Protein chains: 2
Amino acid sequence: MADSPPPERADAARNREIILAAALRLVETRGVDCVTMDTVASEAGVGKGTLFRRFESREGLMAAVLNTSETQWQASVIGGPPPLGPGAPPMERLLAFGHSRLRANLVSASLIEAAGRAGQRSVAAMSFANMHVRYLLRELGVEGDLPLLATAILAPLELVVLEQQVERERIPVERLEAAWDDLVRRVVGH
Amino acid sequence: MADSPPPERADAARNREIILAAALRLVETRGVDCVTMDTVASEAGVGKGTLFRRFESREGLMAAVLNTSETQWQASVIGGPPPLGPGAPPMERLLAFGHSRLRANLVSASLIEAAGRAGQRSVAAMSFANMHVRYLLRELGVEGDLPLLATAILAPLELVVLEQQVERERIPVERLEAAWDDLVRRVVGH
DNA sequence: GGATCAAACGGACCGTGGTCCGGTTGTATT
DNA sequence: AATACAACCGGACCACGGTCCGTTTGATCC
């Protein structure tokens, strides 16, 4: 491993928090796509350059905002009450997981969209889900290319796919859930 | 049905062709994300406003460019040689379809990305694929919510998913194909 | 062939994401 | 505590997507 990166300076860390808080506040009140970088900068009382140094891009900032709720969700998967959390049989957990992920994606749709590539790829947000599904599949005795099988199961829950179905084709969420359950049962093999 | 929309004026139609040709030329030579709207406008010898009136947005223009190759692909699915085209048994056709779609998505990745929402949703590009898969599934005697099952099968071929796997995780295309075949067999039930 | 009117045209203009660089502030060293 | 250096700060600046509106052009009807 290379030497660890130099620690963040105190003022820098403080500004990160300030900016993040300001961004979150603005997103909640005005809605994601009314939040410009200039707005965030002035709301946080810093220069625009600071925003971009800390968060790389608008997408990066949005990803950081998204990350807070995402972390919360992950916590409830790892340690929350069953059937989402541990304690329930694997199949029940898997189904609960899918439903929860589906709802979560729809709820923070606009934020995910604004986060773009930075949202899904980095921070291993998708990687966590994949790992969890892989674990449950193994638990269920499924054989094969587990990483890719997990990806295949997760793919229909991706926002791009969901939006097409919910917004364009007006399919109710319950039907999406039912169809996903069906998919999972077929893949697992009952 | 409402009265049909007024026909396009001659100069408008001519300009659409000119613009589309210019855009295609520029995309091929310089690469998608070096193509600005101003560039296309001056290359086509028209004003910027004309571009936006014809194609709504940059995404719309890119979608139109993409549409040409997409149409070609659809033709080879409907009427090309087997196993992609008609003549082969349904399962073979389905697998060939998946592989072909996967490759096609990767080939025009940047264009699809540039087309954004306009690319996948409109023009029923995705709708065509869904319809075709639905047809093949029915042919294979699969029962259940066919439209959603088709979507679920198609989802892992979506560009967002593929890019994560190919670029981020360095998974070779052959393995993706094999995994997709596996998925399909599980869903169909051999 | 004019007259008429809707539709298409084009380029000046604006907002926003993103960069850059001179000045400032925090941190390590003696 | 003073010095030195790196990291941080901020706002002027740029490029690009998108809009607007006065002008031109092509279809239609007499």
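Since the model is a prediction, treat every value here as computed from it, not as a measurement. Chain naming here is simple, since letters A, B, ... match the order of the sequence lines and numbering starts at 1 in each.
A side-chain donor-acceptor contact under 3.5 Å links T151(A) and N130(A).
One atom, CG of L51(A), and another, P of dT16(C), lie 15 Å apart when rounded to the nearest Å. The interatomic distance linking R54(B) (CZ) with dA8(C) (C1') rounds to 7 Å, in whole Å.
Near DNA chain C, defined here as any heavy-atom distance below 4.0 Å, the residues from residues 10-31 of chain A are A10(A), D11(A), listed numerically.
Within the structure, every pair that satisfies the ring pair (Phe, Tyr, Trp, His ring centres under 6.0 Å) test and touches residues 22-77 of chain A, not counting sequence neighbours, is listed here: W73(A)-F97(A). Within the structure, salt bridge (charged side-chain N to carboxylate O under 4.0 Å, His left out) contacts touching residues 97-106 of chain A (residues at least two apart or in different chains) are E70(A)-R101(A), R103(A)-E177(A). Sorted pairs that involve residues 134-172 of chain A and meet ring pair (Phe, Tyr, Trp, His ring centres under 6.0 Å), not counting sequence neighbours, are lacking altogether. Residue pairs meeting the salt bridge (charged side-chain N to carboxylate O under 4.0 Å, His left out) criterion with at least one partner in residues 35-51 of chain B, sequence neighbours excluded, are R25(B)-E43(B), D38(B)-K48(B). Every pair tested for ring pair (Phe, Tyr, Trp, His ring centres under 6.0 Å) that includes a residue from residues 147-189 of chain B fails, sequence neighbours excluded, so the list is empty.
In this structure, the side chain to side chain contact (heavy atoms under 4.5 Å, CB included) partners of A109(A), at least two apart in sequence or on a different chain, are L159(A), E163(A). Remark: I78(B) engages F128(B) in a side chain to side chain contact (heavy atoms under 4.5 Å, CB included) (not counting sequence neighbours). Partners of D181(A) by side chain to side chain contact (heavy atoms under 4.5 Å, CB included), not counting sequence neighbours, listed by chain and number: L95(A), H99(A), R185(A).
Neither OP1 nor OP2 of dA8(C) sits under 4.0 Å from any side-chain N or O of T50(B).
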Donor-acceptor contacts, no H, no angles, side chain residues 85-94 of chain B, under 3.5 Å, sequence neighbours left out:
residue : atom : partner : partner atom : Å
R93(B)  : NE   : L84(B)  : O            : 3.2
R93(B)  : NE   : G85(B)  : O            : 3.0
R93(B)  : NH2  : V77(B)  : O            : 3.0
R93(B)  : NH2  : L84(B)  : O            : 3.3

**Request:** Using a 4.0 Å heavy-atom cut-off, write out nucleotides 12-24 of chain D from 5' to 3' as B (base contacted by protein), S (sugar-phosphate only) or - (no contact).
**Result:** ----SBBB-----
So which protein N/O to nucleotides 1-4 of chain C N/O distances come out below 3.5 Å?
none

